[in-house]
2 protein chains.
Amino acid sequence: MDLGLLYSAGKDSSLAALALDPFYTVTLVTATFGITDDWEHARKAAETADFDFRTLDLDPAVAEAAVDRMIADGFPRNAIQQVHTHALERLAAGDFDAIGDGTRRDDRVPAVSRAQAQSLEDRHGIDYVAPLTGFGRGAIDRLVDARLVVESGPSEAITRADYEAELRALLAKREGRAAVEEVFPDHEQSYVTGFR
Amino acid sequence: MDLGLLYSAGKDSSLAALALDPFYTVTLVTATFGITDDWEHARKAAETADFDFRTLDLDPAVAEAAVDRMIADGFPRNAIQQVHTHALERLAAGDFDAIGDGTRRDDRVPAVSRAQAQSLEDRHGIDYVAPLTGFGRGAIDRLVDARLVVESGPSEAITRADYEAELRALLAKREGRAAVEEVFPDHEQSYVTGFR
């Protein structure tokens, strides 16, 4: 069975890839609005473990709406949820038997409710799986230490290879660097450079 | 990291074993009140995949209370939840770094809430993982077909190798066979005899 996993080269989606590997033929899929080339980080990470890789084009109008929302809210949570939902819909409409993401037990966002999962499955005739949903923060941290090579640092130096980086870039372009600092106060970022 | 998985030789806990195998040194643990020897089915299934196996002694008073509850309710759901919670507490108090079970997304029972999971982890200094929580019924069915050898049939012929079988036996002893039919109207049972 072919599974497409929404992949950011972050710790969670990388661990999800390892969790699904015994059950599916996994392709890592990085969603992009075409705003930056940050998805290249994800391709490199995928290569280190011989995972198949492809990009998934998102609708640029969704990026604009998400940035509008961030500016109105003053925080990124709802905007990221909107984009994640859009990315899952696009992925589900493709040619995979199953799709997945790195959502975990203690995540506030992105979150996919049981009803949303069922709806995705019924409308698209696919299975949606979120293998980290049953793992808490402590378990995830220990598995990340054991199985992934992670680089961490300030967000200026480290770029996550997903739509979040593109939303930051778009926000900076529209409102300036200061707006990014305001909406994303957490400076610490990390991404995965390899699998053990 | 050593993980003890509550194991019934049912489809869910068998699939959970395969899901956790890449991340942990997994021991399959079958909980027993000492009422029957049904746990032997679980030991045999564990052997077919070279999983370590052990039994976990439960408190017989919990079995009596669970049967009281079944008789009062007329259905087994709450009683099984009580016993599952008791089994997780006993397992968490043991010498594993992490514990797990086969709970899945669409399960009504047993169910372990996020708060219960956190409480187990904090009080016992272990990780609790439920790797099937992020999988729906369709995905599970397809993975079971691909990876497990399952025997199904009427409950007279097929015995699940866990505390549920023991609760049935205790109910039959106290109230007669007819009470078992009333409390457990679903005659179809299945258990796993091998891993692929």
Side-chain angles (χ1 to χ4, degrees), chain A residues 1-3 5 12 15-26 49 96-108 111-122 124-148 195-196, chain B residues 1-3 5 12 15-26 49 96-108 111-122 124-148 195-196:
Chain A
M1 286 177 286
D2 290 320
L3 179 139
L5 177 68
D12 293 349
L15 202 58
L18 294 179
L20 294 171
D21 197 36
F23 293 130
Y24 298 96
T25 305
V26 175
F96 292 107
D97 305 313
I99 66 169
D101 65 20
T103 306
R104 56 194 219 174
R105 192 179 84 194
D106 301 325
D107 267 348
R108 291 184 62 194
V112 178
S113 71
R114 188 174 141 174
Q116 283 176 298
Q118 191 69 56
S119 165
L120 261 180
E121 293 180 334
D122 292 346
H124 294 285
I126 49 98
D127 292 328
Y128 162 75
V129 300
L132 302 191
T133 312
F135 292 77
R137 186 175 306 264
I140 301 265
D141 288 349
R142 278 178 271 283
L143 294 174
V144 164
D145 285 348
R147 302 295 302 277
L148 301 174
F195 296 80
R196 295 183 219 266
Chain B
M1 285 176 287
D2 290 320
L3 179 138
L5 176 68
D12 295 348
L15 203 58
L18 294 178
L20 295 171
D21 196 36
F23 293 130
Y24 298 96
T25 305
V26 176
F96 293 107
D97 304 314
I99 67 168
D101 64 21
T103 305
R104 55 196 221 175
R105 193 179 84 195
D106 301 326
D107 266 349
R108 292 184 63 197
V112 179
S113 72
R114 187 173 141 176
Q116 283 176 297
Q118 192 69 58
S119 165
L120 261 180
E121 293 179 334
D122 293 346
H124 295 285
I126 49 97
D127 292 328
Y128 162 77
V129 301
L132 303 190
T133 312
F135 292 78
R137 188 175 306 265
I140 301 265
D141 287 348
R142 279 177 271 283
L143 294 175
V144 164
D145 285 348
R147 300 295 301 278
L148 302 175
F195 296 80
R196 297 180 217 266

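Chain letters run A, B, ... following the sequence lines, proteins first, then strands; residues in each count from 1.
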Chain B contact via Tyr128(A) - side chain, backbone, both or neither, heavy atoms under 4.5 Å: both

With sequence neighbours left out, write down each residue that passes ring-ring contact (aromatic ring centres under 6.0 Å, His included) with Phe195(A), or none if nothing qualifies. Phe51(A)

At what distance, to the nearest 0.5 angstrom, does CG of Leu15(B) lie from CZ of Phe23(A)? 4.5 Å

Contacting moiety of Leu18(B), where chain A heavy atoms sit under 4.5 Å: both

Report the residues that fulfil side-chain hydrogen bond (donor to acceptor under 3.5 Å, both in side chains) with Ser119(A), sequence neighbours left out, ordered by chain and then residue number. Arg123(A)

Name the option with the most non-hydrogen atom pairs under 4.5 Å to chain B; the candidates are Gly138(A), Ala146(A), Gly136(A). Gly138(A)

Heavy-atom contact with chain A under 4.5 Å, split by part of Ala98(B): neither

Please find the pair of heavy atoms, one from Gly134(A) and one from Thr133(B), that lie closest to each other, and give the distance. CA-OG1, 3.7 Å

Non-hydrogen atoms of chain B under 4.5 Å away: do they reach the side chain of Arg137(A), the backbone, both or neither? neither

From CG (Asp127(B)) to CZ (Phe135(A)), nearest 0.5 Å: 9.5 Å

Arg142(B) versus chain A, the contacting section by heavy-atom distance below 4.5 Å: both

Cut-off 4.5 Å, heavy atoms of chain A, and the answer for Glu121(B) is side chain

Select one option (side chain, backbone, both, neither) describing which atoms of Leu20(A) are under 4.5 Å from chain B's heavy atoms. side chain

Donor-acceptor check, side chain of Arg147(B) to backbone of Pro22(A), threshold 3.5 angstrom: yes or no? yes

Per-residue contact mode, Leu132(A) against chain B (heavy atom under 4.5 angstrom): neither

